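See structure below.
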Amino acid sequence: MARVPAAAALLRVRKVPRVLVRHYRSRRSHPVIELVHQPHPYTRALGLVAVVLLGAWLGLLIVGNVRAPVGPMDTTMTLRPSLTGGTKINVSPLGALELRSHTAPLRLDVDVDQLDPVRSQALVDHPERLSGLQDEVAEDVGAGTLDLAVRSCVAVVAGATGLGLAVYRRPRRALAAGGLALTLLAACGATAFATWNPKSVLEPKFSGLLSSAPSVVGNARSIVSEFDVYQKELARLVTNVTKLYDVTSTLPAYAPDPSTIRVLHVSDIHLNPASWKIIASLVDQYKIDVIVDSGDTMDHGTAAENGFLDPAADLGAPYVWVRGNHDGRVTQDYLKRMKNVHVLDDGRAVSVAGLRFAGIGDPQFTPDRSAAVGGGQSEVLAGARLASSLRDQKAAGTPVDIAVAHNPTAARETDGDVPLVLAGHVHHQEMEVLKYGTRLRIEGSTGGGGLRALEGDDPAPIETSILYLDRDTRRLQAWDEIKLGGLGLTTAEVSRHLPKENQPGAPASTTPSAPTP
């Protein structure tokens with residue numbers, strides 16, 4: 001009887017391999033579903049792009065720079081990610097120059113590290129070499145840029161590949177990241193090449209100590225009449241920067257040009273006492289011929305504020321003024337009695353510093369809550385009265401060169417009747433050519449918005465402009481926009497701008513023509 005159970009057990013052992021075979025066959029025919037989340041293809045693509053961008057940025061940051069000699073200077077050239085592109089030249093300790101040289105997601109940074117004493121002394125000992133310095137600078141910049149392009153390609157590919165390998169741990173994914181990084185860099189380079197603007201050096205933006213040296217790009221007259229000098233714009237700019245660096249803080253003064261009339265345009269001071277010191281400093285530095293204030297010098301236009309106006313008579317240049325919507329008739333009467341101040345209203349014209357001005361006060365006085373304001377329609381009517389006066393002046397043989405109104409709405413009504421009209425009110429700078437050829441210049445707040453600037457988190461900048469006009473034609477040649485940090489800030493920027501008719505390649509004309517933006 002004991003043999004029966006043993007035989008049954010032996011039979012079960014023999015059946016085990018068959019059971020296993022059937023088990024694995026059933027698994028092959030019915031795959032087991034694994035509970036592992038597979039990422040969406042878009043998520044994987046975004047992750048790869050993030051790895052590529054971060055890796056490329058790290059590569060540029062670590063090894064993507066080139067030390068290159070440029071003339072007598074030692075410089076460091078670097079490519080940096082940027083939303084606006086352009087070129088930034090850092091000239092420590094003088095400040096920086098920014099050029100709108102191209103539009104691409106990459107910015108070229110050029111840091112002037114130091115002057116090489118041997119090469120600098122060679123220029124001093126052999127001044128005849130200065131004539132060939134521009135060619136030398138141009139060659140050095142070209143060689144440095146080519147070296148930077150090669151090094152940047154290696155940097156972004158290595159950075160993206162290395163980070164891809166660390167994240168994915170798969171060589172194929174890492175190589176894909178490196179290839180994508182190289183493709184993106186090539187696309188950025190193509191965009192920069194397509195948008196390259198060699199004339200950007202004629203309209204640089206200065207910051208730091210360089211903002212006090214507008215002569216770094218020459219005076220307005222030479223820019224207009226000697227464009228052949230600017231054939232090698234970048235080379236000349238670097239050469240001038242070299243000279244500035246060599247003298248450090250002893251910056252060359254702006255060279256006066258007898259054929260240029262300099263107009264300082266201010267507006268919306270709003271009782272900021274610091275504005276008078278800024279204006280006086282600019283009058284002295286730029287040799288200003290006349291100051292034009294397009295209104296809102298006050299906040300409430302009351303007699304109690306009149307003492308604030310006293311410095312206007314002693315700024316070193318004639319002061320031309322129109323009433324703003326925060327300036328009362330009391331303000332206007334007080335200024336009329338001051339020496340060296342010319343109040344414009346009702347289209348009355350006056351000749352100052354070789355220019356003929358006409359203007360009209362703002363018809364609205366907003367601090368007076370007891371009287372209803374006229375709104376936009378009253379501004380249009382005021383502008384129409386000013387335009388009528390301009391036409392009368394022209395018919396009488398005494399045409400007006402510059403019209404002034406506080407509100408841009410009124411100023412626009414003079415289109416076609418005057419070459420240039422100045423306004424303020426909106427607390428930011430604009431330059432616009434109107435439909436019939438009149439150029440409208442809107443000034444920012446030279447008082448940084450006044451005490452009201454303290455109401456916001458960020459103080460408003462202090463803005464003003466230098467306008468350069470030809471003494472013969474009395475047409476605008478160039479203008480410098482000056483922007484200073486607001487209350488509590490110490491930044492400074494100066495940017496040079498040219499009308500298109502004064503830029504290289506513009507057709508020469510012996511008669512004044514309608515300006516273009």
Side-chain angles (χ1 to χ4, degrees), residues 48-92 96-116 119 135-168 171 173-198 200-201 232-235 237-239 241-242 245:
L48 179 62
V49 171
V51 169
V52 167
L53 294 178
L54 181 58
W57 178 75
L58 290 174
L60 286 175
L61 190 65
I62 297 172
V63 296
N65 58 72
V66 169
R67 294 182 64 86
V70 178
M73 300 180 297
D74 292 327
T75 68
T76 301
M77 299 182 179
T78 313
L79 287 179
R80 290 283 182 259
S82 170
L83 295 177
T84 58
T87 300
K88 185 175 183 180
I89 304 175
N90 298 301
V91 192
S92 178
L97 298 90
E98 295 182 31
L99 308 176
R100 292 173 292 190
S101 56
H102 63 277
T103 303
L106 288 176
R107 185 185 73 197
L108 174 62
D109 284 358
V110 181
D111 295 323
V112 179
D113 300 325
Q114 63 179 3
L115 282 175
D116 183 271
R119 300 199 300 271
D135 293 332
E136 179 186 347
V137 167
E139 293 176 2
D140 291 342
V141 170
T145 304
L146 180 60
D147 191 8
L148 177 63
V150 174
R151 183 180 288 264
S152 297
C153 289
V154 175
V156 298
V157 171
T161 303
L163 186 60
L165 190 61
V167 172
Y168 296 114
R173 281 286 185 88
L175 291 175
L180 181 57
L182 183 60
T183 302
L184 291 176
L185 181 63
C188 292
T191 303
F193 179 79
T195 59
W196 179 251
N197 177 23
S200 62
V201 74
K232 299 172 182 177
E233 291 94 347
L234 184 58
L237 177 63
V238 177
T239 303
V241 169
T242 301
Y245 192 96

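It should be emphasised that the depicted structure is a prediction, and the values quoted were computed from it without experimental measurement.
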Side chain proximity check, L106 to T191, heavy atoms < 4.5 angstrom: no

How far does CG of L148 sit from CZ of R67, to the nearest 0.5 angstrom? 13.5 Å

Can you check whether R100 reaches T84 side chain to side chain, under 4.5 Å on heavy atoms? no

To check you understand the geometry: which heavy-atom pair defines the closest contact between G164 and A174, and what is its length? C-CB, 3.9 Å

Which heavy atom in H102 sits nearest to a heavy atom in R107, and how many Å separate them? NE2-CA, 4.4 Å

Residue pair L79, L108: steps toward the side-chain contact (heavy atoms from CB on, under 4.5 Å) verdict: CA-CA 5 Å; L79 287 179; L108 174 62; 4.3 Å; yes

Which pair of non-hydrogen atoms, one from G144 and one from M77, has the smallest distance, and what is that distance? C-SD, 3.8 Å

Would you say T75's side chain and A68's backbone share a donor-acceptor pair under 3.5 angstrom? yes

For L60 and A155 the tightest heavy-atom approach is N-CB, 4.1 Å

If you compare all heavy atoms of T87 against all heavy atoms of S101, which two are closest, and at what distance to 0.1 Å? OG1-OG, 2.6 Å

Apply side-chain contact (heavy atoms from CB on, under 4.5 Å) to R80 and L61, showing your working. CA-CA 8 Å; R80 290 283 182 259; L61 190 65; 4.0 Å; yes

L180 and side-chain contact (heavy atoms from CB on, under 4.5 Å): which partner among V51, V52, V156, V157? V52

Check whether any side-chain heavy atom of N65 lies under 4.5 Å from a side-chain heavy atom of D111, and answer yes or no. no

